[in-house]
Amino acid sequence: MEHASKVRTCFWFEKGGHDAAQEYVMLMPGSRIEAVRENGQPDDPMIVEFSLAGAPMMILTAGPYHKPTPAASISVLTEDQDETDRLWAALTPKGGEAGRCGWIVDRFGMSWQIVPKRMPDLLAREDPGVVSRVSEALMQMEKIDIAAFEAAAAKVPRHV
């Protein structure tokens, strides 16, 4: 059997790993299921290898021994507000839960970070005032609002 990648990120699922992988590959171009290994479980295959926008991943469906944790998440660097909104809308229905600062837990329990490219650019500015204002704006958000970041970055502080 040919393997597409030497290294993959593996996520442990109690159940529904194949369903999750099928939904995930529909989210972004350049994504596909690469291999499915049933290992005697045709209704819920044990191993699904897939790529998500070219990043190699794997889901191991192997029972209730380990639970998903936000300590391991899928981070997506989005191009613009439209892509951010589209992914947010796709990941939050059917039991998904919005978190703060661009974090989502999808209906399968997997944590995601939906991060517009503009956010790390603004947070890496040399001006500590810009970084502080953008960070403060971020702490007030669930889904990231790029226009609000830009406004926070551009705001000129008033001197008293």
Sidechain-backbone polar pair: S73 side chain, S75 backbone, donor-acceptor under 3.5 Å: no
Side-chain H-bond candidate by donor/acceptor type, S51 with S31, under 3.5 Å: no
Test of understanding: clusters of I, L, V, M, F, W, Y form through side-chain heavy atoms closer than 4.5 Å, transitively. Do I144 and L87 belong to the same one? no
To the nearest 0.5 Å, atom NZ of K143 lies from atom CD of Q81 at 6.0 Å
Got V76 and W112 here, is their nearest side-chain heavy-atom distance under 4.5 Å? yes
Side chains of F149 and R118: closer than 4.5 Å at any heavy-atom pair? no
Say whether, by atom type as modelled, one donor and one acceptor occur between the side chain of D44 and the main chain of K15 under 3.5 angstrom. no
Nearest 0.5 Å, what's the CE-CG distance between M119 and L77? 8.5 Å
Can you give me the closest heavy-atom contact between N39 and M46, atom names plus distance? ND2-SD, 3.2 Å
May I ask you to test the R107-K94 pair for a side-chain heavy-atom distance under 4.5 Å? yes
Does T78 reach the side chain of V115, with side-chain heavy atoms less than 4.5 Å apart? no
Does the side chain of V48 come within less than 4.5 Å of M58's, by heavy atoms? no
Between L123 and V131, the two heavy atoms sitting closest are O-CG2, 3.6 Å
Taking the side chain as every heavy atom from C-beta outward, state whether H66 and E14 have any atom pair closer than 4.5 Å. no
Check whether any side-chain heavy atom of W103 sits under 4.5 Å from a side-chain heavy atom of S111, and report yes or no. yes
Measuring from F50:CZ to I59:CD1, what's the distance to the nearest 0.5 Å? 4.0 Å
Show your working on salt bridge (charged side-chain N to carboxylate O under 4.0 Å, His left out) between R100 and E142 and close with a plain yes or no. CA-CA 4 Å; R100 292 185 55 194; E142 285 185 352; over 6 Å; no
Calculate, to the nearest 0.5 Å, the distance between atoms CZ and CG belonging to R133 and L138 respectively. 14.5 Å
If you apply the rule side chain to side chain contact (heavy atoms under 4.5 Å, CB included), what do you find for M57 with E49, and how did you get there? CA-CA 6 Å; M57 300 193 175; E49 293 183 45; over 6 Å; no
Same cluster for L52 and I104 if Ile/Leu/Val/Met/Phe/Trp/Tyr side chains link at under 4.5 Å? yes
Which atom of P116 lies closest to which atom of P120, heavy atoms considered: O-CD, 3.2 Å
Enter the distance from I114:CD1 to D85:CG here, rounded to the nearest 0.5 Å. 11.0 Å
Fit a plane to each ring of Y24 and F108, take the angle between them on a 0 to 90° scale, and name the class: parallel (under 30°), tilted (30 to 60°) or perpendicular (over 60°). perpendicular
Within a 6.0 Å radius of atom CD on E97, are there more than 12 heavy atoms belonging to other residues, nucleotides or ligands? no
Taking only Lys NZ, Arg NE, NH1 and NH2, and the carboxylate oxygens of Asp or Glu, determine whether K117 and E79 approach each other closer than 4.0 Å. yes
Between T92 (side chain) and W88 (backbone), is there a donor-acceptor pair under 3.5 Å? yes
Non-hydrogen side-chain atoms of M110 and I74 separated by less than 4.5 Å: yes
Strictly distance-based, threshold 3.5 Å: is any side-chain N or O of R86 a donor or acceptor partner for the main-chain N or O of L27? yes
Would you check, one step at a time, whether the test side chain to side chain contact (heavy atoms under 4.5 Å, CB included) holds for M141 with C101? CA-CA 5 Å; M141 295 180 189; C101 306; over 6 Å; no
Under 3.5 Å, is there a donor-acceptor pair between the side chain of W12 and the main chain of G63? yes
Assess whether a salt bridge exists between E136 and K155, defined as any Lys/Arg side-chain N lying under 4.0 Å from an Asp/Glu carboxylate O. no
Rounded to the nearest 0.5 Å, the NE2 atom of H18 sits from the CD1 atom of I47 at a distance of 12.5 Å
